[in-house]
Amino acid sequence: MIRIRNATKTFSSFKAVDNISLDIKERETLVLLGTSGCGKTTTLKLINRLIELSAGSIEVAGKNIQQQKPEELRRRIGYVIQGAGLFPHYTVKENIAVVPRLLGWNKSKTETQTSRILEIMGLSAQKYLWKYPRELSGGQQQRVGLARALVTDPPVVLMDEPFGALDPITRSSILHEFRNLEALRHKTVILVTHDIQEAFELGDRICLMDKGEIQQLGTPKELVFQPANAFVRRFLQERRFQLQLQVLQLAELHSYLQPHLTFTDTNIITLPGTASVLEATQLLSVATYPRPVIALEATATTPALHLGISDIMAAVDKYIQTLNL
């Protein structure tokens with residue numbers, strides 16, 4: 001879907017992006033992760049030509065972006081920034097309708113799609129269309145910003161620290177909604193963040209950058225269990241154990257489990273094998289009495305199991321030991 005080859009961006013003598021190459025697959029969410037100044041936002045803005053390449057090439061859907069007018073390219077790419085970036089003197093309706101107007105949509109189509117996408121974002125069109133940004137909460141503003149990016153149904157959506165300005169509670173809610181948003185499931189999403197937890201929650205793959213270079217490109221599990229170099233290890237070290245639990249699924253521990261066969265006075269919590277180990281341990285930790293137990297669903301090849309938290313953690317230890325971590 002997006003092909004980046006030897007992309008370089010230089011500001012005076014400083015290389016913000018240094019000869020990077022990567023392919024972003026159709027319908028995947030790729031997270032550009034790193035500390036401030038690592039080149040992740042510059043890389044994102046090279047894709048829609050908000051910043052111009054110094055060298056190299058970028059193709060979107062097989063077309064070289066340098067051979068397209070910037071304004072036409074941007075109309076086919078959704079763009080969401082931190083703080084939503086809404087026009088303060090426009091209503092919600094007018095903000096969402098900006099790109100449809102530029103594309104020459106008629107009034108009826110624009111109004112229908114504007115109301116529809118707002119409802120998809122969890123905001124009542126009847127209640128919010130005529131409000132101004134100052135009348136919205138931070139979470140509501142971010143939903144409107146995302147609606148504006150998605151209203152024309154672009155195949156590619158670029159997101160620059162979209163949740164960075166939100167308070168922790170609102171951010172957690174928005175992240176949960178984002179993961180389950182039907183409107184994004186068939187799109188190619190490139191998301192920039194400095195937040196490790198956010199990257200691991202949302203990314204199909206993560207591109208970890210430092211000093212304008214790619215340090216590792218891979219799935220969350222590959223970064224945690226197969227770090228490419230010392231920088232990757234250091235970057236993830238503080239949250240490494242939590243991330244290990246997050247990327248591991250219960251089914252992957254099956255051969256390491258030695259569960260008890262029976263429990264008494266228990267609170268049974270049934271989970272599929274695709275559930276993360278982190279989810280299972282959190283559920284077991286918050287419940288008190290009766291004693292909670294995870295019931296791992298049976299599959300065509302494995303029996304159903306009842307697991308306590310000690311069973312799960314013992315299996316995690318064995319799994320990690322086999323990887324020599």
Side-chain angles (χ1 to χ4, degrees), residues 1-4 7-9 11 14-25 27-53 56 58 60 65 70 73-74 76-86 138-139 141-143 145-146 148-150 154-166 168 170-172 174-175 177-179 181 184 187-220 223 231-232 235-236 239 243:
M1 183 61 179
I2 299 176
R3 187 173 185 267
I4 301 175
T8 298
K9 179 60 187 178
F11 296 99
F14 173 69
K15 281 189 176 181
V17 175
D18 190 1
N19 195 38
I20 69 169
S21 296
L22 69 149
D23 292 317
I24 302 168
K25 303 171 186 176
R27 299 184 179 182
E28 85 165 325
T29 296
L30 178 79
V31 176
L32 299 174
L33 174 66
T35 57
S36 297
C38 72
K40 57 188 185 297
T41 294
T42 301
T43 299
L44 187 81
K45 292 181 177 180
L46 289 174
I47 295 172
N48 65 358
R49 294 187 64 184
L50 285 177
I51 295 176
E52 296 289 358
L53 284 162
I58 298 176
V60 177
I65 64 169
L73 173 71
R74 291 170 197 150
R76 296 192 299 273
I77 298 176
Y79 187 51
V80 185
I81 62 174
Q82 182 174 321
L86 302 178
Q141 289 183 23
Q142 202 60 53
R143 289 183 177 91
L146 188 53
R148 182 174 62 184
L150 295 175
V156 177
V157 180
L158 308 181
M159 308 183 78
D160 188 7
E161 301 269 12
F163 313 116
L166 302 177
T170 302
R171 186 176 189 175
S172 177
I174 291 285
L175 286 176
E177 292 176 17
F178 181 91
R179 289 196 303 271
L181 193 60
L184 285 173
K187 299 192 182 301
T188 303
V189 178
I190 303 95
L191 184 147
V192 164
T193 185
H194 65 274
D195 187 282
I196 296 172
Q197 191 67 35
E198 184 177 303
F200 275 74
E201 285 186 27
L202 301 180
D204 297 316
R205 290 191 300 158
I206 296 171
C207 179
L208 179 57
M209 298 183 67
D210 183 51
K211 298 178 181 178
E213 298 178 341
I214 296 174
Q215 298 299 315
Q216 185 166 356
L217 174 63
T219 64
L223 265 71
F231 173 83
V232 179
F235 190 85
L236 302 178
R239 300 192 182 184
L243 295 174

How far apart are the C-alpha atoms of Arg76 and Val60, what are their side-chain angles, what is the distance that settles it, and do they pass the side-chain contact (heavy atoms from CB on, under 4.5 Å) test?
CA-CA 10 Å; Arg76 296 192 299 273; Val60 177; over 6 Å; no
Could you give me the CA-CA distance, side-chain angles and deciding distance for Leu243 and Gln197, then say whether side-chain contact (heavy atoms from CB on, under 4.5 Å) is met?
CA-CA 8 Å; Leu243 295 174; Gln197 191 67 35; 4.3 Å; yes
Check the pair Ile190 / Val156 against side-chain contact (heavy atoms from CB on, under 4.5 Å), numbers first and verdict last.
CA-CA 8 Å; Ile190 303 95; Val156 177; 4.0 Å; yes
With side-chain contact (heavy atoms from CB on, under 4.5 Å) as the test, would you mind laying out the steps for Leu158 and Asp160 before giving the verdict?
CA-CA 7 Å; Leu158 308 181; Asp160 188 7; over 6 Å; no
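One finds the OG1 atom of Thr193 at 3.5 Å from the CD atom of Glu198 (value rounded to the nearest 0.5 Å). Atom CZ of residue Phe235 and atom CD of residue Gln216 lie 12.0 Å apart, to the nearest 0.5 angstrom. If you take NZ on Lys187 and CE on Met1, they are separated by 9.5 Å, rounding to the nearest 0.5 Å. Remark: Leu46 CG to Ile4 CD1 distance equals 7.5 Å, nearest 0.5 Å. If you take CG on Leu50 and CZ on Arg74, they are separated by 4.5 Å, rounding to the nearest 0.5 Å. In this structure, Leu22 CG and Arg3 CZ are separated by 11.0 Å, a value rounded to the nearest 0.5 Å.
The two residues Met209 and Cys38 have their closest heavy-atom pair at O-CB, 3.6 Å. In plain terms, the two heavy atoms of Ser21 and Ile214 that are nearest each other are O-CD1, 3.8 Å. Looking at every heavy atom in both residues, Pro162 comes nearest to Leu191 through CG-CD1, 4.1 Å. The heavy-atom pair separating Leu53 from Ala7 by the smallest distance is CD2-CB, 3.7 Å. Annotation for Pro220 and Ile206: closest pair CG-CD1, 4.0 Å, computed over non-hydrogen atoms.
Of the candidates Ile20, Ile51, Val192, Ile58, Thr43 forms a side-chain contact (heavy atoms from CB on, under 4.5 Å) with just one, namely Ile20.
The side chain to side chain donor-acceptor pair (under 3.5 Å) check on Gln215 picks up Asn229, with sequence neighbours excluded. For Tyr79, there are no ring pair (Phe, Tyr, Trp, His ring centres under 6.0 Å) partners at least two apart in sequence or on another chain.
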Show every donor-acceptor pair shorter than 3.5 Å between a side-chain atom in residues 27-37 and any protein atom, with sequence neighbours excluded, or say none if there are none.
unit_1: Glu28; atom_1: OE1; unit_2: Arg205; atom_2: NE; d: 3.0
unit_1: Glu28; atom_1: OE2; unit_2: Lys25; atom_2: N; d: 2.8
unit_1: Glu28; atom_1: OE2; unit_2: Arg205; atom_2: NE; d: 3.4
unit_1: Glu28; atom_1: OE2; unit_2: Arg205; atom_2: NH2; d: 2.6

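Under the 3.5 Å distance criterion, the side-chain polar atoms of Lys15 are left unmatched by any main-chain donor or acceptor of Thr8.
Under the 4.5 Å side-chain criterion, counting only non-hydrogen atoms from C-beta, Cys207 is in contact with Leu217.
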